[in-house]
There are 2 protein chains.
Amino acid sequence: MTALLQQNIASHISLSEDETEAFCNLFQQQVIKKKSFLLREGEVCRFEGFVTRGLFRVYHIDQNGFEQILYFAIENWWVTDIDSFTNEKPSQLYIEALEDSTVLLISKKNKEFAYANLPKIEKLFRVMTQKTHVALQRRMIDNLSKTADQRYLDFREKYPNIYSRLTNLQIAAYLGISHEFLSKIRKKLAENK
Amino acid sequence: MTALLQQNIASHISLSEDETEAFCNLFQQQVIKKKSFLLREGEVCRFEGFVTRGLFRVYHIDQNGFEQILYFAIENWWVTDIDSFTNEKPSQLYIEALEDSTVLLISKKNKEFAYANLPKIEKLFRVMTQKTHVALQRRMIDNLSKTADQRYLDFREKYPNIYSRLTNLQIAAYLGISHEFLSKIRKKLAENK
DNA sequence: CGAAAACATTGAACAAGTTCAATAAATAGC
DNA sequence: GCTATTTATTGAACTTGTTCAATGTTTTCG
C-alpha cells in the first residue's frame, strides 16, 4: 500500500527500513471519487496527502469567480494547502479529484509525532518544501517573461503525462489564460506544422 | 552585530541562548556597495544571507534580455539562490545591492555543521522555507488573476517600506510589466483621486 | 443507446499591455 | 554646482489576450 510512498521518500533522503515503516504507518489511505473534494475554501486543511492513484487540481476562486489552478497532483506527488495545514487556518483553496483517486493522508498530530520521534522527517519536509519552492520560483519567472504560446508548449513538454489527462479548460486555468484563447493558440500551432 | 538575526530566528522558532549564539557565530558579515553583486548568473551560490542593512534585488535575465525580479530583500529578510546553493549548481539569478548594504552570510559547510549539530536549525529552515513558499503561492495566484493596476496597488500597500525605496523601473520588473505602462497606471490612479 | 451536460472551436469587438521614440525630470559623481 | 546618466512621462501604433455569443464535438451516465 505504501510502496510508492516509500520510494518517494527514498528519492529525497535516506531512511532506515524501520524509520520508513514507522513513518508510513502514520498515513491513512483514502479513496476519492472523481469530482469530489479533499478540501474546500473555508475549511481548515487537516491533512498532508500523497497521491498513489488519480489526479487532483488545487485551485483558488477569485473575487470575479474565476478559477486559478495553483498545481496539479498525480501519482507520486504530494498535495495539501500548506498554509492552512500548518497554521490551522481556513483555506482559500479547493482540492478536487479530477479522476477517481487514492491518497495517503497524514494528520497534523501524526506529522508532529513524526517530527518529534523521527528526526530525519524534519529534513525530509525541509528538502521537499525547498524543491517545491524552486519549481514555483521557476514558474513565477516563466509567467512573468513568457508568452502564453510558450507557456503552453513548456507545460506540454515538461508534464506530458499530466497534460494528456487534462481538458483544455484545466490547462487554460493553470496557464492563466481564457480557454478560448488557448483554443486559438492550439489552432495556430497546428497550422504551423 | 547579530542582534537583528537573533530576533529574526526567534520569530520563527524558539532556541536557547547557547544555540542561538552557536548558530549566529557561523555567519560572516559582509559590507557591499550599491550596484555591486552578491551573485551573478553562472556562478554557484556559496551563501545564504541575512540582510541587516540596505536593499537587494534578486532577478533573472530572460532570452530577450528582459529582467524579471523574483523578490527584493531589505533589513530582516533572507537572500540566496536556494537552488544553486543547495545543489551547488550554476545560478540563473543575479543578486544586486540597490543600496549600500550589509549582509550576514553563512557558507554551505557551516550550514551543514548547523544541521548536524543544532537539530532545531533543520526546523528553522523548514519553517522559513514554508513561509516563503506560501507567500510565493499567494503571489502566483495574484499574478494569474489580478490586473497590473491591482498588483501595483497591492504591492504598494503590502510593502510600503520597500516600495518607497524603489524606482518605477524596479517595481515594473517585479510586477512583470513595462515601466511605461506602470507610468500610465500611476497617471490614471493620480487622476482618479 | 440516447439525452443531457460538459468541452472545444471560431469570429468579431474590445481591453490590457507593449514598443518605440521623443522629451522632461531627477540623481549621481566629480 | 554642472554635466552625464539614469529615471519618468507621454503619445501613437501595435500585439496579446478577453469577452460574448453561436455552433459543433465529445463525454457521461441513467
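Order of the sequence lines fixes the chain letters, A, B, ..., with proteins taken first and strands second; residue numbering starts at 1 for each chain. Since the structure is predicted, the reported quantities are computational estimates derived from the model, not experimental observations.
Computed from coordinates, the B:L98 CG to D:dT7 C1' distance equals 14 Å when rounded to whole Å. In this structure, NZ of B:K35 is placed 11 Å from P of D:dT5, rounded to the nearest angstrom. Nucleotide C:dT18 holds its P atom 8 Å from the CD1 atom of B:I185, rounded to whole Å. A:R151 places its CZ atom 7 Å from the P atom of D:dG17, with the value rounded to the nearest Å. The interatomic distance linking A:I177 (CD1) with D:dT15 (C1') rounds to 15 Å, in whole Å. Atom C1' of nucleotide C:dC7 and atom CD of A:E67 are separated by 14 Å, given to the nearest angstrom. Rounded to an integer number of Å, the gap from CG of B:N64 to P of D:dT15 is 16 Å. The distance between atom CG of A:D100 and atom P of D:dT28, rounded to the nearest whole Å, is 11 Å.
Follow the hydrophobic side-chain contacts under 4.5 Å out from B:F47 and you reach B:V103 in the same cluster.
At least one side-chain heavy atom of B:E96 sits less than 4.5 Å from a side-chain heavy atom of B:L98. The side-chain heavy atoms of B:C45 and B:T86, taken from C-beta on, include no pair separated by under 4.5 Å. Proximity of A:W78 to A:L5: side-chain heavy atoms (C-beta onward) are separated by under 4.5 Å at one or more points. The shortest side-chain heavy-atom distance between B:F125 and B:K111 falls under the 4.5 Å cut-off.
The terminal axes of the helix from C:dC1-D:dG30 to C:dC30-D:dG1, fitted over 5 pairs per end, subtend an angle of 70° to the nearest 10°.
Looking at heavy-atom distances under 4.0 Å, A:D149 makes contact with sugar-phosphate atoms alone, never a base. Within the nucleic acid shown, A:K34 comes within 4.0 Å of sugar-phosphate atoms alone, with no base atom in reach, counting heavy atoms only.
Distance check: B:L55 CG to B:Q170 CD gives 8.0 Å after rounding to the nearest 0.5 Å. Atoms NE2 and CG, from A:H60 and A:L70 in turn, are 10.0 Å apart once rounded to the nearest 0.5 Å.
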Can you give one letter per nucleotide of nucleotides 8-14 of chain C, going 5' to 3': B for a protein heavy atom under 4.0 Å from the base, S for sugar-phosphate only, - for none?
SBBBB--
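Between B:T147 and D:dT18, a side-chain N or O to OP1/OP2 separation shorter than 4.0 Å is absent.
Using cut-offs of 30° and 60° on the angle between ring planes, the pair A:Y163 and A:Y152 is perpendicular.
Taking the ring centroids of B:F72 and B:F56, they lie at or beyond the 6.0 Å cut-off.
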